[in-house]
Colleague: 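What follows is a single structure, and I will ask about it in a moment.
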Amino acid sequence: MSRTVAVTGATGYIGGRLVPRLLDAGHRVRVLTRDASKLRDVPWGHDVEVVTGSLDDAGAAADLCDGADVVYYLVHSMGAHGGEDFPARERACARTLSSAALAAGVSRIVYLSGLNPGTGLSRHLASRTEVGRILKQSGVPTAVLQAGLVIGSGSASFEMVRHLTDVLPVMPAPRWVLNRVQPIAVRDALHYLEAAADLPGEVNQDFDIGGPDVLTYADMMRGYARAAGLRAPLILALPVLTPWLAAQWVNLVTPIPRTLAIPLVESLQNDCVVREHSIDAYIPRPEGGLTGYQRAVELALGKIAQGEVETTWAGSSALDAPSDPLPSDPDWSGGTVYTDLRTETSSAPAERLWDVVEGIGGENGWYSFPLAWAVRGWIDKLVGGVGLRRGRRNPHRLQLGEALDWWRVEALEPGRLLRLRAEMRVPGRAWLEMTVEPRGEGSAYSQRAVFVPHGLAGRLYWLAVLPFHGVIFRGMASRIAAAAEALSPAGPADRTPMKETHS
């Protein structure tokens with residue numbers, strides 16, 4: 001039955017995969033987003049109605065729910081992203097949505113929460129449980145789907161397992177690696193989410209959902225190693241690694257930043273398994289049955305190898321991420337704006353030069369002084385930033401608003417302009433802008449780094465890195481131009497990623 005469906009968190013990992021499924025099922029979909037431009041390059045972005053705002057805004061929540069039959073609540077702050085008061089903020093957002101849904105006559109709320117071990121809840125899980133309670137008491141029938149670790153290409157849980165296993169043949173680990181967990185494949189989580197819209201009107205309860213396998217976290221790492229063709233890691237469970245220390249370890253070894261590693265690790269301190277199966281009375285299992293962990297890993301690795309990752313954990317901006325537009329001139333801020341401008345010409349046609357620009361970052365690197373980029377990424381990790389290892393969703397094509405290593409794509413005009421906004425920890429705001437223009441039979445490349453300092457610390461930071469910029473940005477511009485000349489005319493799909501073996 002076709003419905004009007006409202007979705008919060010549509011630019012997140014789960015929401016970005018659920019929306020196209022809802023559209024394929026014939027529903028009219030309305031989404032709430034703080035920045036509508038982030039949907040411009042999403043394949044389904046022009047097929048949905050967009051409400052601009054956030055759940056802090058009662059007016060935006062009312063617009064989202066107006067005329068909707070079902071509302072999906074897929075937002076949460078992941079702990080440190082929302083600051084120390086994130087439980088209060090999550091409660092307030094849940095109440096705002098609840099009031100709007102009740103006033104609009106919404107018939108069903110569907111909320112994705114985490115598996116509840118019953119005792120010893122982390123702040124993150126306790127907050128999500130509280131949100132579920134608020135939604136169930138809203139007066140609108142609510143289905144709270146409680147899932148454990150979601151395994152799929154680009155999910156935070158999968159990326160944590162993948163990078164820990166890839167990097168460490170011997171891993172000292174906290175005792176929680178021996179706790180039992182029940183992961184669920186992302187395709188199965190989406191199956192239950194989509195079907196929950198059809199639950200009977202009187203249903204207002206929690207449902208545990210999980211895959212067919214109950215494993216330890218150590219088992220998951222060994223299973224990943226088998227699927228990836230790696231030697232199984234030797235895992236040493238130690239009693240001395242506290243959750244805080246373990247989160248720092250995850251932060252350093254994987255692309256997962258500290259703000260996300262802390263709630264993920266805290267959620268693993270207890271067994272995290274399905275405790276009840278009441279969902280089976282209402283929603284049949286997927287055709288062919290639930291996906292086993294090993295198969296889920298194989299599917300995720302296949303998507304990554306083919307460059308077909310739909311969404312990633314890095315797709316959603318942190319709540320405290322900078323969002324000011326690039327200053328157009330030094331007067332914009334009423335203060336200082338530092339710039340570094342480089343230009344190069346290339347004998348390659350503009351479209352070939354653009355292929356190099358759009359393919360920058362991730363496995364292709366940054367075309368200059370790779371050690372300096374790596375060191376800066378490690379420093380950012382140490383101070384709690386995102387680091388340089390978030391990579392990219394697709395090896396050749398970018399979308400507006402998506403993450404690219406420690407940057408986020410702020411402006412994208414295919415064939416001409418790429419502007420990246422830094423999300424690393426710096427005392428100020430930083431951008432990197434790259435433009436391509438035809439010039440005769442060749443092309444011209446322009447590269448501009450812009451930094452708006454915060455106070456004295458920002459000015460001192462710029463002065464400290466200025467000598468390195470002279471080397472890094474000059475080399476980067478010249479090598480991008482040279483890479484375009486060396487690129488096969490067949491295009492980026494046939495290109496072997498350019499490893500940064502040069503300095």
Colleague: Just so I know, are the side chains of Leu112 and Tyr72 near enough to count as touching, which here means a heavy-atom distance under 4.5 Å?
Modeller: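 They are not in side-chain contact.
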Colleague: Keeping to residues at least two apart or across chains, list the salt bridge (charged side-chain N to carboxylate O under 4.0 Å, His left out) pairs with something in residues 154-170.
Modeller: Glu159-Arg162
Colleague: Which pair of heavy atoms, one from Gly307 and one from Asn394, lies closest together, and at what distance?
Modeller: O-ND2, 2.9 Å
Colleague: Quick one: which residue pairs count as a salt bridge (charged side-chain N to carboxylate O under 4.0 Å, His left out) with a foot in residues 96-118, not counting sequence neighbours?
Modeller: none
Colleague: Is the backbone N or O of Val274 less than 3.5 Å from a side-chain atom of Gln182, with the two atoms forming a donor-acceptor pair by type?
Modeller: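 Here the side-chain-to-backbone pair exists.
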Colleague: Looking at Leu22, Ile283, Ile14, which hits side chain to side chain contact (heavy atoms under 4.5 Å, CB included) with Leu193?
Modeller: Ile14
Colleague: Testing the basics here: between Gly223 and Gln294, what is the closest heavy-atom pair and its distance to 0.1 Å?
Modeller: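 Looking at all heavy atoms of both residues, the closest pair is O-NE2, 3.0 Å.
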Colleague: Quick one: pull up CD in Gln146 and CD1 in Ile279 and give me the separation to the nearest 0.5 Å.
Modeller: 10.5 Å
Colleague: Does the side chain of Pro117 reach to within under 4.5 Å of the side chain of Leu125, using non-hydrogen atoms?
Modeller: yes
Colleague: State, yes or no, whether a side-chain contact exists between Val29 and Asp47 at a heavy-atom distance under 4.5 Å.
Modeller: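 The answer is no; the side chains never approach within 4.5 Å.
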Colleague: Does one side chain, of Trp373 or Asp405, offer a donor that lies under 3.5 Å from an acceptor on the other?
Modeller: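 Asp405 and Trp373 do not have a side-chain donor-acceptor pair below 3.5 Å.
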Colleague: Checking side-chain polar atoms at under 3.5 Å, does Asp57 have a donor or acceptor matched by the opposite partner on Ser54?
Modeller: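 The criterion, which ignores hydrogens and geometry beyond distance, is not satisfied for Ser54 and Asp57.
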Colleague: Give me each pair satisfying side-chain hydrogen bond (donor to acceptor under 3.5 Å, both in side chains) with a member in residues 183-204, each pair once, sequence neighbours excluded.
Modeller: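 The answer is Arg3-Asp198, Arg21-Glu194, Asp188-Thr291.
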Colleague: Between Leu55 and Val75, what is the shortest heavy-atom contact and its length?
Modeller: CD1-CG2, 3.5 Å
Colleague: Just so I know, are the side chains of Leu74 and Tyr13 near enough to count as touching, which here means a heavy-atom distance under 4.5 Å?
Modeller: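 Sidechains of Tyr13 and Leu74: no contact.
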Colleague: Taking the side chain as every heavy atom from C-beta outward, state whether Thr216 and Val177 have any atom pair closer than 4.5 Å.
Modeller: no
Colleague: Does Ser107 reach the main-chain N or O of Asp69 with its side chain, forming a donor-acceptor pair under 3.5 Å?
Modeller: yes
Colleague: Under a 3.5 Å distance rule, please check whether Thr142 uses its side chain to pair with a backbone N or O of Val140 as donor and acceptor.
Modeller: yes
Colleague: Answer yes or no: is there a side-chain heavy-atom contact under 4.5 Å between Leu97 and Ile134?
Modeller: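 No, their side chains stay 4.5 Å or more apart.
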Colleague: Strictly by ring-ring contact (aromatic ring centres under 6.0 Å, His included), give each pair with a member in residues 255-294 just once, sequence neighbours left out.
Modeller: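 Every ring-ring contact (aromatic ring centres under 6.0 Å, His included) pair that includes a residue of residues 255-294, provided the two are not neighbours, is Phe207-Tyr282.
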Colleague: What pair of heavy atoms forms the shortest contact from Ile151 to Ser157, and how long is it?
Modeller: CD1-CB, 4.3 Å
Colleague: Of all heavy-atom pairs between Gly292 and Pro212, which one has the smallest distance, and what is that distance?
Modeller: CA-CG, 3.7 Å
Colleague: Do the charged groups of Arg397 and Asp355 touch, with an N to O distance under 4.0 Å?
Modeller: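 Salt bridge: yes.
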Colleague: Give me the atom names and distance for the closest heavy-atom approach of Gly67 to Thr4.
Modeller: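 The pair with the smallest heavy-atom distance is O-CB, 3.6 Å.
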Colleague: Between Asp206 and Lys136, is there a side-chain N and carboxylate O pair less than 4.0 Å apart?
Modeller: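 Yes, this pair counts.
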Colleague: Who passes salt bridge (charged side-chain N to carboxylate O under 4.0 Å, His left out) against Arg392, sequence neighbours left out?
Modeller: none
Colleague: Mark yes or no for whether Ser153, through its side chain, and Lys303, through its backbone, hold a donor-acceptor pair below 3.5 Å.
Modeller: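 Between the backbone of Lys303 and the side chain of Ser153 there is no qualifying donor-acceptor contact (under 3.5 Å).
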Colleague: According to the interplanar angle, ranging from 0 to 90°, do the rings of Tyr73 and Tyr111 count as parallel (below 30°), tilted (30 to 60°) or perpendicular (above 60°)?
Modeller: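 Because their plane-to-plane angle is over 60°, the rings of Tyr73 and Tyr111 count as perpendicular.
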Colleague: Keeping the roles fixed (side chain from Arg222, backbone from Ile235), state whether a donor-acceptor pair exists under 3.5 Å.
Modeller: no
Colleague: Between Arg421 and Glu423, is there a salt bridge with N-O shorter than 4.0 Å?
Modeller: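 Salt bridge present between Glu423 and Arg421.
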Colleague: Can you tell if the side chain of Asp56 reaches within under 4.5 Å of the side chain of Thr96, non-hydrogen atoms only?
Modeller: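 No. Closest side-chain heavy atoms not under 4.5 Å.
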Colleague: Applying salt bridge (charged side-chain N to carboxylate O under 4.0 Å, His left out), name anything that partners Arg393, two or more places apart in sequence or on another chain.
Modeller: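 Residues passing salt bridge (charged side-chain N to carboxylate O under 4.0 Å, His left out) with Arg393: Glu402.
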Colleague: Working note: Arg28 + Glu49, criterion side-chain contact (heavy atoms from CB on, under 4.5 Å); need CA distance, chi angles, decisive distance, verdict.
Modeller: CA-CA 8 Å; Arg28 298 177 297 276; Glu49 180 185 345; over 6 Å; no
Colleague: Output yes when a side-chain donor or acceptor of Arg17 lies under 3.5 Å from a complementary backbone atom of Thr311, and no otherwise.
Modeller: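 Flag set: sc Arg17 to bb Thr311 pair under 3.5 Å.
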Colleague: Find out whether Ile109 and Ser138 are in side-chain contact, i.e. whether some heavy atom of one side chain is under 4.5 Å from a heavy atom of the other.
Modeller: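 Result yes, sub-4.5 Å side-chain heavy-atom pair found.
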Colleague: Under the criterion side-chain contact (heavy atoms from CB on, under 4.5 Å), I'd like the reasoning laid out for Gln399 against Val42: C-alpha separation, chi angles, the key distance, then a yes or no.
Modeller: CA-CA 7 Å; Gln399 291 181 356; Val42 176; 4.0 Å; yes
